[in-house]
Participant: 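I have a structure I would like to understand better, so I am pasting it below and will then ask my questions one at a time.
Just so we're clear, the structure is a prediction, and the values are computed from it rather than from any experiment.
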Amino acid sequence: MLVAVHEIAGRMGRRGIAAAAGTLLVLIVVAATPQLLGARVAEAIESLGHANASWLWLAGVGFVLSVVAAAGS
């Protein structure tokens, strides 16, 4: 697995890794503080607490399967 990480790092370069890390950091900040994006986004995320967990899991599994299918195509 370490070989794969080094190969990916070699292909991306320092700038690519920095861009990926920056994007990940922004996503974490936005997920932790949705009020930064406005009241409507905060309301939408808050309403997820009232959603049926089974449908959310089904949506998550569907998303992962679609990503895997797209990668395989």
Participant: Applying salt bridge (Lys or Arg N to Asp or Glu O under 4.0 Å), can you list everything that pairs with Arg15, at least two apart in sequence or on another chain?
Facilitator: none

Participant: Residues two or more places apart in sequence or in another chain: which of them pass side-chain contact (heavy atoms from CB on, under 4.5 Å) with Thr33?
Facilitator: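 Residues passing side-chain contact (heavy atoms from CB on, under 4.5 Å) with Thr33: Val29, Gln35, Leu36.
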
Participant: What heavy-atom pair brings Ala70 and Ser73 nearest, and what distance separates the two atoms?
Facilitator: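 Minimum heavy-atom separation between Ala70 and Ser73: O-OG, 2.8 Å.
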
Participant: Consider side chain to side chain contact (heavy atoms under 4.5 Å, CB included). Of Val61, Leu65, Val67, which one does Phe63 pass it with?
Facilitator: Val67

Participant: Using the side-chain contact (heavy atoms from CB on, under 4.5 Å) criterion, which residues pair with Leu56? Sequence neighbours excluded.
Facilitator: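 side-chain contact (heavy atoms from CB on, under 4.5 Å) list for Leu56, sorted by chain: Leu48, Ala51.
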
